[in-house]
Amino acid sequence: MTSVLYDAPGPKAKARNWIYSGIFIVLLGLALWWALSLMAEKGQLDADKWSPFVTDSQVWTTFLIPGLLETLKAGAIAMVIALPLGALLGIGRLSDHAWVRGPVGAVVEFFRAIPVLMLMLFSFALYSRYTALPSDVRPLYACVTGLVLYNASVIAEIVRAGVLSLPRGQTDAAKAIGMRKGQSMVHVLIPQAVTAMLPALVSQLVVILKDTALAGALLGLAELLSMARQISANYANTIATLFVIALIYIVVNFALTSLASWLESRQRKSKKSTGAVVAGDVAEVDAGGAAGVGEAP
Amino acid sequence: MFDFLESGQYDVLGAFWVTVQLTLYSAAGSLIWGTVLAGMRVSPVPLMRGFGTAYVNVVRNTPLTVLILACSLGLSQTLGVNLGGDTFKETGFRLAVLGLTAYTGTFVCEALRSGINTVPVGQAEAARALGLSFFQVLTLIVLPQAFRAVIAPLTNVLIALTKNTTVAATIGVAEAALLMKEMIENEPQALFAVFAVFALGFLVLTLPTGLLLGWVAKRVAVKR
């Protein structure tokens, strides 16, 4: 226990901690008991509500795995498009020319201020009115468009923070050997910024994956969450279904979050890096990501 | 082009008022819940620390849509817990506030925890040397300073929360996103105008919040 907020517990404090633990466990137990008894009362604990997820492989092969794949697909496409776009916007915001900096800044601020859901709804309507996209791929296109518009602007901010986080000496040295602004950006700043940004970009992936659920709920994209309706229609087990689906999201996202914090700690320790790290919390949705947050020193 | 606003058919301001109310109630709720969580996560009782850590990791990695749907489909429709709302409208609103609070609380907690790290070690040590208990150290010395340090990150959380309230549209709460969906369907010829109106509404809600609280953050920051 290395916290400054309290001393290493002596015998008395240890006893007190046990008492608090006891009280806390009783409270938790009561809450759990209340929830379980409520569920039991409505028959949600019956074995046949939960067993399909173990015994019936069809639940997985027809619903959950295709749903998860669709979620991952939408997230991956959105990330692949948003990354270069965001990088361009981020570099644009750092431009020396006001006529580039200004408009790019306005675009970034605009799309950051609009909820993703609205961007998705808007692009869905746009596609159905003005394009000949077949209706079965329309939700995916709308979802990806919404995600790209929003996340490109967030990534732009991450890129900007990444470049700005580099020590001034890097730009100065590049200038000193006669590099132009563009050259120093491409050869000196961006390659270093990319490593500094990596943790933040991985945490942004979590945000994207979470947001695909919106397209499932309102646009009818066949992603993981939208399977909840179909499974519970077949087995009448709303709570069990939502529980399992939430669990899948948590496992996938927790793996990504852990990867981000691992990358970050490696970055901080690495002797090769400049020591600059863009914390995961630059992305405002994921405020307070893994970065800079630990046990009190 | 904007004649759909004059027809009196759509209550745009009313929808944004619901958005604002959702934001304010959830902000108050998640501030309280997040502070409690942060207190647990730094407390000397291992069990509470474990609970805090587990809660934050689980809830932060769950899509908000899943949480809000679970409140509506699971808690309300299947289990019959209705939080005392009389009408369908009220019930949905309260369930959305519950989901938003449960979700946003984790971000408030993490922001606060990083704020606790900005308080110099000597402050807590001095407080302990005076014989203050953990609870006193936390509430009298550390948290007041931590709060002043994290106003900027909390502003980001608040802005994200404002945008996240649109997720309540998935359970039919009559806020801005749901009205926009309805208007897009009914007024297909005015698609861009409808989007412009709602985009502007959100700019009006989020930009001043950021500017105002950014100014406050600078004013109240502890100068060290």
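In what follows, chains are A, B, ... by sequence order, proteins preceding strands, each numbered from 1.
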- B/Asn61 and A/Thr257: side-chain donor and acceptor closer than 3.5 Å? yes
- Query: Quick one: what part of A/Thr238 sits under 4.5 Å from any heavy atom of chain B, side chain, backbone, both or neither?
  - Reply: side chain
- Item | Side chain to side chain, B/Tyr103 and B/Ile68, heavy atoms closer than 4.5 Å | no
- Measure distances from B/Thr165 to the heavy atoms of chain A and classify the residue's part below 4.5 Å as side chain, backbone, both or neither. neither
- Sort B/Val194 into side chain, backbone, both or neither according to what part of it lies under 4.5 angstrom from a heavy atom of chain A. neither
- Query: Does the pair A/Glu157/A/Arg160 count as a salt bridge with the N-to-O cut at 4.0 Å?
  - Reply: yes
- Item | Residue pair A/Leu209 / A/Tyr249, side-chain heavy-atom distance below 4.5 Å | no
- Query: Below 4.5 Å, heavy atoms only, C-beta onward: do B/Val42 and B/Arg113 meet side chain to side chain?
  - Reply: yes
- Note on the structure: The interface call for B/Ala127 against chain A, heavy-atom contacts under 4.5 Å, is neither
- Item | Per-residue contact mode, A/Tyr130 against chain B (heavy atom under 4.5 angstrom) | side chain
- Item | Student check: side-chain heavy atoms of A/Leu121 and A/Leu219 closer than 4.5 Å | yes
- Item | B/Met40 side chain near A/Phe24 side chain, heavy-atom distance below 4.5 Å | yes
- Report the option among A/Ala213, A/Ser128, A/Gly43 that has the most heavy-atom pairs separated by less than 4.5 Å from atoms of chain B. A/Ala213
- Message: If you define the side chain from C-beta out and look only at heavy atoms, does anything of A/Ser265 sit under 4.5 Å from A/Arg268?
- Response: no
- Task: Under 4.5 Å heavy-atom distance to chain A, tell me which part of B/Met180 shows up: side chain, backbone, both or neither.
- Result: side chain
- Message: At under 4.5 Å between heavy atoms, what parts of residues 220-236 of chain A are in contact with chain B? List them by residue number.
- Response: A/Leu225
- Where does A/Ile248 contact chain B at under 4.5 Å (heavy atoms): side chain, backbone, both or neither? neither
- Item | Closest-packed option against chain A by number of heavy-atom pairs under 4.5 Å, given B/Leu161, B/Leu154, B/Thr78, B/Ile184 | B/Thr78
- Task: Return yes if a side-chain donor-acceptor contact under 3.5 Å exists between B/Gln189 and B/Glu187, otherwise no.
- Result: yes
- Side chains of A/Tyr150 and A/Ile114: closer than 4.5 Å at any heavy-atom pair? no
- Query: Is chain A contacted by the side chain of B/Leu132, its backbone, both, or neither, given a heavy-atom distance below 4.5 Å?
  - Reply: neither
- Examine whether an atom of B/Val142 lies under 4.5 Å from a heavy atom of chain A, and if so say whether it belongs to the side chain, the backbone or both; otherwise answer neither. side chain
- Message: Take a 6.0 Å sphere around CZ of A/Phe110 and say whether it holds more than 12 heavy atoms from other residues, nucleotides or ligands.
- Response: yes
- Pairs of heavy atoms under 4.5 Å with chain A: top-ranked of B/Val108, B/Leu79, B/Thr206: B/Leu79
- Message: Is B/Leu191 in contact with chain A via its backbone, its side chain, both, or neither, using a 4.5 Å heavy-atom distance?
- Response: both
- In terms of ring plane angle, is the pair B/Phe195 and A/Phe122 parallel, tilted or perpendicular, where the classes change at 30° and 60°? parallel
- Task: Would you check if there is a donor-acceptor pair between the side chains of A/Thr145 and A/Tyr127 at a distance under 3.5 Å?
- Result: yes
- Message: Does any backbone or side-chain atom of B/Val137 lie under 4.5 Å from a heavy atom of chain A? Answer side chain, backbone, both or neither.
- Response: side chain
